[in-house]
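Heads up, the thing below is written out as structure tokens.
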Amino acid sequence: MTSNFTLEIMSRHPISKAKQLKIAHLVESKNLNISKCASNLNITRNTVKRYARFYTSVIHSKPGDALYNNKKIPLLKPEAHISEKTIDLQNFLFELVQQEPQRLSSAITAWNKYISVYTDGYKRSQFITIFNNWLKTHKHIVHKAWDVNFIPEEDLKTFRSWRNSRDRHRWELSVVITESYKSRPTAEIAEKIERSGNTVRDWINSYKKHGISGFEKKNHKTNPNILQLRKEKKTNIIKLIHESPKLHGINRTSWFLTDLAETYRKIYGINISTSTISQYLKLEGYTYRKAKEVLTSPDPQFRKKMNEITDILKNLGRREKFFSIDEFGPFAVKIKGGRSLVQKGEIKTFPQIQKSKGFTICTAALELSSNQITHFYSTKKNTIEMIKLIKLLLSQYNTEEKLYLSWDAASWHSSKELNTFLYAINQDDYRKEHHTPIVALAPLPASAQFLNVIESVFSGLAKSVIHNSNYESLEDCKEAISQYFTSRNQYFLLHPQKAGKKIWGKEIVPSVFKDSQNCKDPRFR
């Protein structure tokens with residue numbers, strides 16, 4: 001008969017059913033070779049001996065019965081014979097999870113707590129083995145000190161959506177928190193998301209302290225003085241790119257970032273890096289190509305003319321008006337292309353070669369203080385049309401004291417005939433007889449159409465009533481343009497302080513005079 005100790009050992013760690021049957025058959029047939037059997041079954045010789053003694057005792061206790069029978073052979077199954085020590089240890093660990101989960105972060109720390117309660121308990125080496133096995137078995141309830149031990153249901157839904165999103169940062173956060181909740185080692189989580197272990201632990205600690213709100217981007221309040229300084233820098237940079245580099249002693253046809261940085265330092269006495277300049281230009285919607293092709297004025301008197309216009313606007317009186325004047329066109333009335341909503345896969349087309357239904361030019365003046373448009377149609381751009389516009393403005397604004405006219409450097413805006421006409425209408429006798437205000441000129445620098453405020457209105461006009469159009473006749477097109485200006489004038493009469501892009505959504509910049517903005521967008525002309 002085998003001892004109770006041997007049976008206990010065998011019942012705790014039994015070998016497989018097939019191996020037990022093989023040993024039982026060899027014992028019964030009296031052909032057991034312990035070394036050969038151990039080698040064939042891949043077990044130790046002592047294990048073979050113990051099972052051989054067990055089955056020998058079974059044969060002696062039941063003489064005459066066939067042992068090698070699947071139905072009668074007494075197979076040893078795993079029987080968890082748990083000692084009182086083990087029961088005490090398990091109870092201790094479950095209590096430790098609930099009361100002091102931080103003690104489970106280290107086997108040594110847990111053993112020190114355990115041995116202080118159970119002085120006759122397992123020794124340290126035995127405890128560590130049992131402890132680690134217990135952790136593996138109960139990992140669903142055991143969390144290390146830095147692990148996430150609770151996730152609300154609402155947060156779980158959010159993390160699921162983040163894990164399926166295309167936002168990598170949110171995916172990383174979801175993986176870290178959910179895998180930490182499953183007690184996955186920090187090193188494995190860090191390897192999976194390709195981040196450092198410190199970053200993973202920081203995210204876990206942030207979630208444990210602040211919840212999911214800890215991952216929201218916080219609006220940092222910037223010092224108002226710093227914001228004002230940045231705004232001034234942006235404005236000054238835009239002013240510089242409107243001027244030719246040659247005006248500042250730089251033998252180039254266009255600005256380089258290094259040149260802008262050096263010129264800025266000389267003029268304003270402040271150092272600014274090329275990367276900062278590039279960032280500011282991008283924020284303002286400018287690219288190097290635009291700065292080179294559109295936004296440079298070669299006028300040597302650029303700054304002088306700009307200062308004169310700015311001074312006029314700063315000191316504009318109640319009975320004084322400032323007009324931004326230009327011509328839209330000539331443009332032909334035919335099917336026009338443009339951006340529009342279409343179904344997926346649909347391609348909108350229009351004929352390249354068409355018969356024009358007529359053409360026209362829209363000459364207009366934008367009064368900056370009231371945002372009112374005065375316009376008429378013609379077929380030419382010349383001095384006669386400018387004189388016609390001036391007469392129209394004198395009639396419309398005959399109660400004012402002075403009218404300022406601002407336009408680009410086109411030849412018909414500075415002809416001798418026009419200057420003679422302006423001299424005549426500014427004479428006291430003429431003004432008394434016709435009750436008209438004084439007319440003064442405030443011309444823009446040469447090649448500076450991008451500073452003409454009315455260009456912004458024309459861009460909105462083109463996008464609204466010209467693009468994607470197919471008018472039946474020239475008159476229909478003129479009617480649409482007139483309606484656009486009428487509705488615009490009416491709107492700004494009701495909202496005199498709200499003009500431009502934010503209200504209409506059409507004009508590319510607000511209808512105000514600034515030498516740091518680009519009013520003309522070539523895409524809409």
Straight-line distance of [X] [atom1] to [Y] [atom2], nearest 0.5 Å:
X      : Y      : atom1 : atom2 : value
Thr199 : Ile189 : OG1   : CD1   : 12.5 Å
Lys22  : Ser16  : NZ    : OG    : 12.5 Å
Lys239 : Glu243 : NZ    : CD    : 9.5 Å

Decide yes or no for [X] and [Y]: does some side-chain heavy atom of the first lie under 4.5 Å from some side-chain heavy atom of the second?
X      : Y      : value
Tyr114 : Tyr122 : yes
Arg163 : Arg170 : no
Lys234 : Leu281 : no

Least distance between heavy atoms, [X] atom then [Y] atom:
X      : Y      : value
Tyr484 : Val457 : OH-O, 4.2 Å
Val333 : Cys477 : CG2-CB, 4.0 Å
Arg184 : Glu188 : NE-OE1, 3.1 Å
Cys37  : Ile23  : SG-CG1, 4.1 Å
Gly121 : Ile115 : N-CD1, 4.4 Å
Gly197 : Thr186 : O-CG2, 4.0 Å

Could you walk me through whether Thr276 and Ser273 pass the side chain to side chain donor-acceptor pair (under 3.5 Å) test, one step at a time?
CA-CA 5 Å; Thr276 301; Ser273 66; 2.8 Å; yes
Please determine whether side chain to side chain contact (heavy atoms under 4.5 Å, CB included) holds for the pair Ile272 and Ile237, giving the CA-CA distance in whole Å, both sets of side-chain angles, and the decisive distance to 0.1 Å.
CA-CA 10 Å; Ile272 186 170; Ile237 290 171; 3.8 Å; yes
With a 3.5 Å distance limit and no angle check, can you tell me whether [X] reaches the backbone of [Y] through a side-chain donor-acceptor pair?
X      : Y      : value
Lys357 : Tyr471 : yes
Thr56  : Ala52  : yes
Ser278 : Thr274 : no
Tyr264 : Asp259 : no
Ser487 : Gln483 : yes
Ser206 : Asp202 : no
Asp155 : Ile151 : no
Lys19  : Leu41  : yes
Ser165 : Trp162 : yes
Tyr51  : Ile15  : yes

Hey, are Lys157 and Glu154 close enough for a salt bridge, meaning a charged N less than 4.0 Å from a carboxylate O?
no
In sequence, state the C-alpha distance, the side-chain angles, and the governing distance for Arg124 and Phe127, and then conclude on side chain to side chain contact (heavy atoms under 4.5 Å, CB included).
CA-CA 5 Å; Arg124 191 171 73 172; Phe127 176 88; 5.6 Å; no
Residues Arg168, Glu172; criterion salt bridge (Lys or Arg N to Asp or Glu O under 4.0 Å); working and verdict
CA-CA 6 Å; Arg168 178 171 178 81; Glu172 290 174 344; 3.1 Å; yes
Trace of the ring pair (Phe, Tyr, Trp, His ring centres under 6.0 Å) decision for Tyr207 with Phe159
CA-CA 12 Å; Tyr207 179 75; Phe159 285 133; 5.6 Å; yes
Residues forming a side chain to side chain contact (heavy atoms under 4.5 Å, CB included) with Thr263, sequence neighbours excluded:
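For Thr263, the residues satisfying side chain to side chain contact (heavy atoms under 4.5 Å, CB included) (neighbours in sequence not counted) are Leu240, His248, Ile250, Trp255, Ile267.
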Run the side chain to side chain contact (heavy atoms under 4.5 Å, CB included) check on Phe215 and His169 step by step: do they pass?
CA-CA 10 Å; Phe215 299 137; His169 182 61; 6.0 Å; no
Test Leu156 against Arg160 for side chain to side chain contact (heavy atoms under 4.5 Å, CB included), laying out the working first.
CA-CA 6 Å; Leu156 279 175; Arg160 290 191 199 104; 4.1 Å; yes
